[in-house]
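Just so we're clear, the structure is a prediction, and the values are computed from it rather than from any experiment.
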Amino acid sequence: MPFDGLVLSSVCNELENKLAGGRIERVYQPGKVELQILIYKPGARFRLLLSADPQNARVHLTSSPAANPAHPPLFCMVLRKHLEGGRIAAFHQPGLERVLVIKVDSRDELGFPAEKHLICEIMGRHSNIILYDPSTKTVVDGIKRYTHAVSRFREILPGRPYLFPPAQDKLDPLALDEEQFRRACLETNLNTPLPQVLQRRFAGLSTISCREIIYRAGLSPDMPLDQCGDYELRVIWDSFHRIFVEAGQGRFANSLATGKKGELLDFAALELSHLGSGNKHGEMNALLDCFFTAKSNQERLDREKRTINSLLNKKTTGLDKKLNLYSRDYDDTAGAEKNQLYGELLTANLYRLQKGRLLVTLENYQEEDLPLVDIPLDAALTPVENAQAYFKKYNKAKRKRQALTALITQTREELDYLEGIKAAVDYATEQNELQEIRQELAEEGYLKQPLPQKRPKKKKEKQRPRPHAFVSDDGFTLFVGKNNKQNDYLTMKMAQGEDIWLHAKDIPGAHVIIRTEGKEIPAATLLQAAELAALFSQAGKSKSVPVDYTRRKYVRKPKGARPGMVTYERQKTIMAEPDEDLPDRLSGTRGQVPRPSPGH
């Protein structure tokens, strides 16, 4: 994540223009290391986000309010005491360091003017947000407190002197000439690739910014320093100097790089032309808000997926053990028919048998060549009792086999059901899809139902599942259910009798409907629908998947069947190749076009 000094410089410039002179109305601390500050200026209100998260440390304006805890944390209370009602005097960034100082004119407990500084240090896992009193040059408090036991360089505790983070021995690009630049580069290990040379020697640059500078110089990012001569150093300096001249004048080509499918890749305070993808442009604060909102949503989606998959894996592991146990016990009943045969042969030959024998050899009249069969006997039992004992063993094994057959069938069905849930989790791309899966798992008893509220609120209208919709190249509407609730609603409620229904053959996955509207379906549309059914199935990564299709009127949901489970007849099968680009090529009518997540 390239939140470097250049990005912070661009953010600082924008905040100075927008927020200087603004009044701090309220301070919130929605997360352990995150703040949101509401700032008012005549005609507008702004929400400033500050985060000291190790992976996502940043400062920018945001349009997304966060849920706040019922009781504000101590640091939030301290900030409210010292900053609320104050006016922002200025934003300051020392050089191109990743440190932003927000100077606030407020008042002390006696009502006298008092200046406070809110210092945001964006340093990866060492990031922090610190309230500083310049009159005493001490720390008022920090969102992360630590002593010399954690950092030998400084302490962040109330009343301790404040020291800026230790210098990184990097040169300020804004105060360099070409000779100093060359000398700094050549002091680096000669085997170092050029982007790393720039990042190690000069402040304010992330890896992606350094690669862009080298790209603009027309050189390979893999080229080591020892292959550079006078020409290479000169073109690197020209590229480097041009960027920082503009930065020194407050001019930034802010960009947000996007991939082929619209996914957000990276951001920088300069044009990222070396990525060869589309770039979004605009104010740095808006681009950062867009990037981190998407990143936060994806991280939340991934966490939710891991939580659900952890539950499903635990359940399927237990079911696998049960299935192995049932199968082993079933195998133990393999001799049941032999006991039945022994009982029948003994019964047919009672007149020839006497009590006290341990073994008898009889002809097996059930086979044509009448082979001889040795039958062990209990000498303490009569021939009739021996026959009854064998029938008893047979009937016991038969009952056990019937019970085990039912248990094995039930367990396999439950495993198939949970594997289908896993597939739906894998290709879920929105929170509401996971919420539908959670609701289904709760209704099926795999998750605890939420406790009823003490005070009944106004009953909300039940939200219907929203299957995804596409339009085929031939103009036919295709619907895709991405979880069991959507599948049931799509197949049993939305689809009409003459519509075409598709599903991956014998594989958990999505129900797909082609809306026919009484028309003949072209082969190309049928293939595209089959490709969607293959893609949104457990076999979505396979090269070729068999897909069954039939009229919707031939699809039935058995009474008491689990969600998503149906039976069908008169089907045909078509082979389809899952195509991850297909959902993006077809024009969806649902809003966000779905596509499988990277983990699918």
S.K.: Could you go through the salt bridge (charged side-chain N to carboxylate O under 4.0 Å, His left out) check for Glu569 and Arg551 one step at a time?
M.R.: CA-CA 9 Å; Glu569 58 186 3; Arg551 296 285 178 182; over 6 Å; no
S.K.: Scan side-chain atoms only and decide if Arg306 and Asn309 contain a donor-acceptor pair under the 3.5 Å cut-off.
M.R.: no
S.K.: Will you find, in the side chains of Gln528 and Asp473, an N or O donor that is under 3.5 Å from an N or O acceptor?
M.R.: yes
S.K.: Could you please spell out the steps behind the salt bridge (charged side-chain N to carboxylate O under 4.0 Å, His left out) verdict for Lys322 and Glu414?
M.R.: CA-CA 11 Å; Lys322 280 186 178 181; Glu414 188 173 4; over 6 Å; no
S.K.: Look at Glu433 together with Lys482 and state whether they make a salt bridge at an N to O cut-off of under 4.0 Å.
M.R.: yes
S.K.: Could you tell me if Gln366 and Glu344 have a donor-acceptor pair between their side chains, going purely by distance under 3.5 Å?
M.R.: yes
S.K.: If the plane angle is over 60° it's perpendicular, under 30° parallel, otherwise tilted; pick one for Trp501 and His511.
M.R.: perpendicular
S.K.: side-chain contact (heavy atoms from CB on, under 4.5 Å) for Lys422 and Thr316? Distances and angles first, verdict last.
M.R.: CA-CA 10 Å; Lys422 279 186 183 181; Thr316 54; 3.5 Å; yes
S.K.: Looking at Arg585 and Glu531, does any basic side-chain N land under 4.0 Å from a carboxylate oxygen?
M.R.: no
S.K.: Taking Asp499 for the side chain and Thr516 for the main chain, is one N or O donor matched with an acceptor at less than 3.5 Å?
M.R.: yes
S.K.: Output, in order, the C-alpha distance, side-chain angles, deciding distance and verdict of side-chain contact (heavy atoms from CB on, under 4.5 Å) for Ile421 and Asn484.
M.R.: CA-CA 8 Å; Ile421 296 286; Asn484 287 331; 3.3 Å; yes
S.K.: Measure from NZ or CZ of Arg401 to the centre of the six-membered ring of Tyr330 and say whether it is under 6.0 Å with the direction within 45° of the ring axis.
M.R.: yes
S.K.: After noting the C-alpha distance and the side-chain angles of Glu337 and Lys398, does the key distance pass the side-chain contact (heavy atoms from CB on, under 4.5 Å) rule?
M.R.: CA-CA 9 Å; Glu337 285 74 13; Lys398 182 181 177 181; over 6 Å; no
S.K.: Hey, is the main chain of Asp53 close enough, under 3.5 Å, to the side chain of Glu34 for a donor-acceptor pair?
M.R.: no
S.K.: Ignoring hydrogens and angles, tell me if any N or O in the side chain of Thr333 forms a donor-acceptor pair with the backbone of Ala336 under 3.5 Å.
M.R.: no
S.K.: Keeping Gln571 on the side-chain end and Tyr554 on the backbone end, is there a donor-acceptor pair under 3.5 Å?
M.R.: no
S.K.: Is a side-chain donor or acceptor of Thr62 paired with a backbone partner of Arg47 at a separation under 3.5 angstrom?
M.R.: no
S.K.: Charged N to carboxylate O under 4.0 angstrom, Lys543 versus Glu577?
M.R.: no
S.K.: Ring of Tyr417, cation from Arg562 - is the NZ or CZ under 6.0 Å from the centre and inside 45° of the axis?
M.R.: yes
S.K.: Give a yes or no on whether the backbone of Phe476 and the side-chain of Asp474 come within a donor-acceptor separation of less than 3.5 Å.
M.R.: no
S.K.: Can you name the nearest heavy-atom pair linking Leu441 to Ile308, along with the distance?
M.R.: CD1-CG2, 4.0 Å
S.K.: Can you tell whether the side chains of Glu299 and Lys295 come within less than 4.0 Å, N to carboxylate O?
M.R.: yes
S.K.: Using modelled atom types only, decide if a donor and an acceptor are shared between the side chain of Asn128 and the backbone of Lys144 within a distance under 3.5 Å.
M.R.: yes
S.K.: Identify which one of Phe479, Phe470, Tyr427 satisfies the ring pair (Phe, Tyr, Trp, His ring centres under 6.0 Å) criterion when paired with Phe536.
M.R.: Tyr427
S.K.: Less than 4.5 Å apart, any side-chain heavy atom of Asp320 and any of Leu415?
M.R.: yes
S.K.: Stepwise, does the side-chain contact (heavy atoms from CB on, under 4.5 Å) test hold for Arg438 with Thr307?
M.R.: CA-CA 10 Å; Arg438 271 192 164 275; Thr307 300; 3.4 Å; yes
S.K.: Can the ring centres of Phe267 and Phe292 be said to be less than 6.0 Å apart?
M.R.: yes
S.K.: Output yes when Glu498 and Lys519 qualify as a salt bridge under the 4.0 Å nitrogen-oxygen rule, no when they do not.
M.R.: no
S.K.: Side chain of Asn364, backbone of Leu370: donor and acceptor closer than 3.5 Å?
M.R.: no
